[in-house]
Amino acid sequence: MSYDDEEIRQEAVDLLSAMHTWRLTSEGWSEVERHLDALSAAAGRNDPIGVKRATDRLEDTVATRRRPPRSLSDNRTGPRPAPPPVLERKGVVVHELGGRDDPAPDRPDER
């Protein structure tokens, strides 16, 4: 199977562009940070396979970390939007991938 470098990079940029809509647990955001680091490293090496792997792992994290694990404690926090440092890191990674990071609105359009 051959990889189209531009298609792989665009897939990563598209996924990251949706970050402002994600609501994850704090553990989920920690995982996202690790995947952003992996994406950055792969982009820096010009490694499309590494970019693809990191993108796939990021996508899996988004799908699985929307709800906190069951717990007997009432001290758990629910899903929340991305913290500002994660959004800033996302902008850097999008730039490293060669994409354009359009700032997302703080809230959805009110039409």
Side-chain angles (χ1 to χ4, degrees):
M1 176 175 172
S2 66
Y3 291 96
D4 176 9
D5 296 3
E6 183 55 34
E7 186 176 315
I8 289 169
R9 288 179 185 273
Q10 190 58 51
E11 180 183 341
V13 169
D14 290 347
L15 179 63
L16 292 173
S17 294
M19 185 180 285
H20 68 279
T21 66
W22 302 349
R23 302 294 181 265
L24 305 177
T25 63
S26 56
E27 293 83 7
W29 288 119
S30 293
E31 284 185 41
V32 165
E33 287 182 286
R34 286 194 301 276
H35 299 313
L36 288 174
D37 289 343
L39 269 171
S40 178
R45 292 188 311 269
N46 198 25
D47 175 8
I49 294 172
V51 169
K52 176 72 173 145
R53 285 181 183 147
T55 301
D56 289 347
R57 289 181 181 132
L58 179 58
E59 196 167 30
D60 289 346
T61 295
V62 173
T64 61
R65 290 296 188 165
R66 293 184 181 271
R67 293 196 176 115
R70 288 189 170 209
S71 169
L72 297 177
S73 170
D74 289 332
N75 293 330
R76 61 185 177 210
T77 59
R80 58 188 173 89
V86 174
L87 291 174
E88 290 171 21
R89 181 73 173 124
K90 180 224 23 162
V92 170
V93 173
V94 167
H95 179 74
E96 291 171 342
L97 289 166
R100 195 173 129 231
D101 187 28
D102 294 324
D106 290 335
R107 59 181 181 249
D109 289 338
E110 296 178 25
R111 295 183 193 180

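In this structure, A54 and A38 approach most closely via the heavy-atom pair CB-CB, 3.9 Å. The shortest heavy-atom contact between T61 and G28 is CG2-O, 3.8 Å. Minimum interatomic distance between E96 and S40 (heavy atoms only, all atoms of both residues): OE1-OG, 2.6 Å.
Remark: D4 CG to R9 CZ distance equals 11.0 Å, nearest 0.5 Å. With rounding to the nearest 0.5 Å, the separation of CH2 in W29 from CG in L36 is 9.0 Å. Rounding to the nearest 0.5 angstrom, the gap separating the OG1 atom in T25 from the CD atom in E31 is 7.5 Å. Atom CG in L58 sits 6.5 Å away from atom CG in L39 (nearest 0.5 Å). Note that the CG atom of L16 and the NE2 atom of H35 stand 11.5 Å from one another [nearest 0.5 Å]. Put simply, CD1 on I8 and CD on Q10 are 12.0 Å apart, with the number rounded to the nearest 0.5 Å.
Looking only at side-chain heavy atoms (C-beta outward), R89 and D37 come within less than 4.5 Å of each other. Using a 4.5 Å cut-off on side-chain heavy atoms (C-beta onward), V86 and M19 make contact.
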Pair T55-E11, side chain to side chain donor-acceptor pair (under 3.5 Å): steps then yes or no: CA-CA 8 Å; T55 301; E11 180 183 341; 5.8 Å; no

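Using modelled atom types, one side-chain atom of S17 and one backbone atom of V13 make a donor-acceptor pair closer than 3.5 Å.
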